[in-house]
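What follows is a set of notes on a single structure, which appears directly below.
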Amino acid sequence: MKIAVAKGDGIGPEIMDAVLKIFDANGVGLQYDFVEMGKWVFDKGYSNGMTPQAQQTIEELGILFKGPMETPKGKGVKSVNVTARKTWNTYANKRVFQTLHGVDTVFSKAGIKIDVTIVRENIEDTYGGIEHMLTHDVALSRRFITRPGSAQVIRYAFEMARQKGARRITCGHKANIMKLTDGLFLEVFYEIAKEYPELNADDKIVDDLAMQLVIRPDVFDVVVLTNLQGDIVSDLCAGLVGGLGFAPSANIGDHISIFEAVHGTAPDIAGKNIANPTALLLSGLGMLRHLGFTENAAVIENALLYTLEQGTRTGDFGDRSKPALNTTEFAEAIIANFGKQPEVGAKATSENTPYTSAVCHLDKNPMLVSKEQEEEKIVGVDLFVESSEQPNAVAERALRQTGDLFKLVTISNRGTQVWPKGSVFTNLVNQYRCRFETTNDMAVTQTDIIELYRRVATEFKVCSTEVLNMWGDKRSYSLAQGQ
Ligand code: NAD
């Protein structure tokens, strides 16, 4: 079996060499096709950080094992790590955080065992990077949460929880504030939960979740979150089990999956052969299990756990009174311990099982659309306009342009209503949202909206527009704070 391997930048080549050496010493039946990705590929003039040959190889092989990669700063290019995850629709980012015997943390010292799997949505959310400056003072980031995108990652989380024999699956969210975006994610979570009655499905508001994870990490099992919240919560979990050096990650898609460590290129220690390869090794073990090399994975993991239990360490962790090994020596210590069983947390060895490749040749982009359920009608528009005037003055000018079809119902500033009611204590910025709704709730057309836009644009610079729809009797937009 062949996989694509990109060694990465900084410490990437050092830790990748160490991990592949361990795999080879264990007789893992994998061949490697080394592909060109990373900072040096940007520097060669490839604006997405990978060569076309690399892209073709990865799409043909379906598995990418990668070291960390650096995004050149100040060149306006996007992170190759994020590009890879998004281009190949690796919608689920799975990160397993377990207590490792020999890696002391406040929890391990208190005898609290941690085994939490975070599943983070990997494509949508603010990671779309769709941002605009609307005025010189106001920046906007568009945060897309979609029903099919949420369903992909949430279904993966439930399937994985079932296979893991988990008891509990928790959805982390901020649906109390972001009622439509996080609300949609939460709605999809509970819809899918109905298909998995054996799992105890619950939800936690993300700030509470962060606190609970620190106080009682042992009561959590599988946690699924949107992208940005998942990013933060998973680093928090890395801290619970000993830091980034022990945090593996898998980016799972239907056709292509990417396995990498959570940490970055560690430029401060690059080239010194002192980096800790454990996180990349754990990511590689996840990949071996994904590919059916379960026996190899168990033997290597047991050797790793045994090595850690012995107090063997690289410079970034462990008992400082003991000498630290360099990256190569640490890998050799693990190899020397093949066949040994750790005192705690030994993995059962089951035979390797053949992997059925998920790679298929697509000739067009898959379109993910769920069934529309309600009749849709346009009932208004939010026009975001630039102005440094007081709310009453903005209202007066906007009211001049409403025409017969529309009425001005509210004006808000940074989401807080400032007209027709408001408080003089609300600080203002130079951008207002004017919400126009149709008179008598009648439906209008896009052309009517454009005509209103044209009229309002005679008074203000219109920075952004969102159409207000009703789906049946359900509003497809949120109300302003105080509306
Ligand atoms: P980093 O994770 O590279 O380093 C943070 C700290 O942790 C440093 O002190 C570093 O020495 C230490 N560290 C990280 N990995 C280690 C290891 N295996 N062994 C020992 N110590 C380790 O984070 P950063 O400095 O914020 O980012 C550096 C670069 O990495 C940036 O260009 C960033 O964009 C990139 N990055 C890439 C990925 C990825 O490829 N998936 C992820 C995160 C950051």
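Whatever order the structure lists ligands and atoms in, that order sets their numbers, starting from 1.
Set against the non-hydrogen atoms of Val262, the atoms of ligand 1 under 4.0 Å away are 42 (C), 43 (C). Within ligand 1, counting atoms from 1 as listed, the ones closer than 4.0 Å to a heavy atom of Asn81 are 37 (C), 38 (C), 39 (C), 40 (O), 41 (N).
The shortest side-chain heavy-atom distance between Asn93 and Val119 does not fall under the 4.5 Å cut-off.
With a 4.0 Å cut-off on non-hydrogen atoms, Pro267 touches ligand 1 through its side chain and not its backbone. Counting heavy atoms closer than 4.0 Å to ligand 1, residue Asp268 contributes side-chain atoms (C-beta onward) but none from N, CA, C or O. By the criterion of a heavy-atom distance under 4.0 Å, the side chain of Ile11, and not its backbone, is placed next to ligand 1.
For atom 21 (N) of ligand 1, the nearest non-hydrogen atom from the set Ile269, Val82, Asn276 belongs to Ile269. The closest heavy-atom contact to atom 35 (C) of ligand 1, among the options Met69, Lys66, Lys39, comes from Met69.
Here the closest heavy-atom approach between residue Asp202 and residue Arg168 is recorded as OD2-NH2, 2.7 Å. Closest approach of Thr99 and Ser108 over heavy atoms only: CG2-CB, 4.1 Å. Closest approach of Phe317 and Arg313 over heavy atoms only: O-NH1, 2.7 Å. When all heavy atoms of Gly49 and Phe42 are compared, the pair lying nearest together is N-CE2, 3.4 Å. Nearest heavy atoms, Lys164 versus Asp221: NZ-OD1, 3.1 Å.
Under the 3.5 Å distance criterion, the side-chain polar atoms of Glu260 are left unmatched by any main-chain donor or acceptor of Ser283.
Distance remark: protein heavy atom not present below 4.0 angstrom from atom 27 (O) of ligand 1. Note that atom 5 (C) of ligand 1 has no protein non-hydrogen atoms nearby, at separations under 4.0 angstrom. Atom 24 (P) of ligand 1 lies below 4.0 Å from none of the non-hydrogen atoms of the protein.
Looking only at protein heavy atoms, the nearest one to atom 7 (O) of ligand 1 is Leu244 CD1, 4.8 Å. For atom 41 (N) of ligand 1, the nearest non-hydrogen atom of the protein is Glu260 OE1, 3.1 Å. Here the protein heavy atom with the shortest distance to atom 31 (C) of ligand 1 is Thr265 OG1, 4.4 Å.
Taking any N or O of Ala266, backbone or side chain, at least one lies under 3.5 Å from an N or O belonging to ligand 1. Looking at ligand 1, you won't find any N or O of Glu70 less than 3.5 Å from one of its N or O atoms. Residue-to-ligand polar distances place Gly264 within reach of ligand 1: an N/O pair is separated by less than 3.5 Å.
Heavy atoms of Arg85 come nearer than 4.0 angstrom to ligand 1 in at least one pair. Residue Leu280 places every heavy atom at 4.0 Å or more from ligand 1.
Taking a 6.0 Å sphere around CZ of Arg167, one finds it holds 12 or fewer heavy atoms contributed by other residues, nucleotides or ligands. In Asp208, the CG atom is crowded: over 12 heavy atoms of neighbouring residues, nucleotides or ligands sit closer than 6.0 Å.
Of the N and O atoms on the side chains of Glu332 and Thr328, not one donor lies less than 3.5 Å from an acceptor on the other residue.
Test Ile252, Ile58, Leu64 against Ile258 for side-chain contact (heavy atoms from CB on, under 4.5 Å) and you get one pass: Leu64.
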